[in-house]
Amino acid sequence: MAKQKTAAPAAPPEFKEFEKGLQALFKKDLKSASDSFEKFISAHPEHPTAVERARVYRSIAKRRLESSSLSAGNPQEQRLHAVLLANRGDTKAAVSLLQKAIKAEPQTDLGHFLLASVAAEDGDTSIAIEHLRSAIQLNPLNRVFAHNLEEFETIRDQAAFQELLAEDDSKRGPKK
């Protein structure tokens, strides 16, 4: 004989806001989820276990909301978020964000420099060289920064990298 499935017991009425928060979280409606969990937490301190769980879910919703707003923000926020992602080891996401920031602000040397450093660390020499060249053209001080940055160790022996870092003596005038 096959077992019959029994329906899950209905949640008490005071848990409706909690359920609403879970449904919103699963639908990735992070703002609504956070708001619902906040309402539940405020309204039902008599359920400490459920309140603690609601706090965890609210925290998850808020973190995801903050993360998505940073990635969709202005180019400065995208660069900051990309640095965080790169530091966590998510270089693909960092590169994607930096490319968005550069597309929005192509004359900002920092975006090019950051993309060059992430690409170099990830072993993508051609992207690293291309964007380091752009960063140096936009701000020659980037040449100095690149000399000492650890992220460029993987491409330091490349001829193209060494050429970029070589001082342009012809523009400095005669040596004394």
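Across Ile102, Leu97, Val95, Leu98, a single residue satisfies side chain to side chain contact (heavy atoms under 4.5 Å, CB included) together with Leu114, and that is Leu98.
If you check the side chains of Gln158 and Thr125, you find no donor sitting under 3.5 Å from an acceptor.
With values rounded to the nearest 0.5 angstrom, Arg55 atom CZ is found 10.5 Å from Phe40 atom CZ.
Between Arg156 and Glu153 there is a side-chain heavy-atom pair separated by less than 4.5 Å. Counting heavy atoms from C-beta on, the side chains of Ser126 and Glu130 never come closer than 4.5 Å. Side-chain atoms of Glu19 and Leu22, non-hydrogen and from C-beta on, never get closer than 4.5 Å to each other. Side-chain contact check for Glu151 versus Val118: every heavy-atom pair is 4.5 Å or farther apart. Residues Thr108 and Pro75 form no side-chain contact, since every pair of their non-hydrogen atoms from C-beta on lies 4.5 Å or further apart.
Classification of the His112-His131 ring pair by plane angle, with boundaries at 30° and 60°, yields parallel.
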Output, in order, the C-alpha distance, side-chain angles, deciding distance and verdict of side chain to side chain contact (heavy atoms under 4.5 Å, CB included) for Glu38 and Ser34. CA-CA 6 Å; Glu38 187 65 46; Ser34 179; 5.5 Å; no

Under the side chain to side chain contact (heavy atoms under 4.5 Å, CB included) criterion, do Leu138 and Gln107 qualify, and how do the steps go? CA-CA 7 Å; Leu138 291 166; Gln107 297 302 311; 3.0 Å; yes

Using the rule given for salt bridge (Lys or Arg N to Asp or Glu O under 4.0 Å), can you reason through Arg79 versus Glu105, listing the C-alpha separation, both sets of side-chain angles and the distance that settles it, and then say yes or no? CA-CA 11 Å; Arg79 288 189 298 270; Glu105 294 182 347; 3.1 Å; yes

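At distances below 3.5 Å, at least one donor-acceptor pair connects side-chain atoms of Thr154 with backbone N or O atoms of Ala120.
The distance between the ring centers of Phe15 and His44 does not fall below 6.0 angstrom. Close placement of the Phe113 and Phe152 rings is indicated, their centers lying within 6.0 Å of each other.
Ion pair Lys39/Asp35 not flagged as a salt bridge, since none of the NZ, NE, NH1 or NH2 atoms sits closer than 4.0 Å to an Asp/Glu carboxylate oxygen.
Residues passing the side chain to side chain contact (heavy atoms under 4.5 Å, CB included) test with Ser32, sequence neighbours excluded: Ala24, Asp29. With sequence neighbours left out, Arg133 forms a side chain to side chain contact (heavy atoms under 4.5 Å, CB included) with Ile129, Gln137, Leu164.
The shortest non-hydrogen separation linking Ala135 to Asn142 is O-ND2, 2.9 Å.
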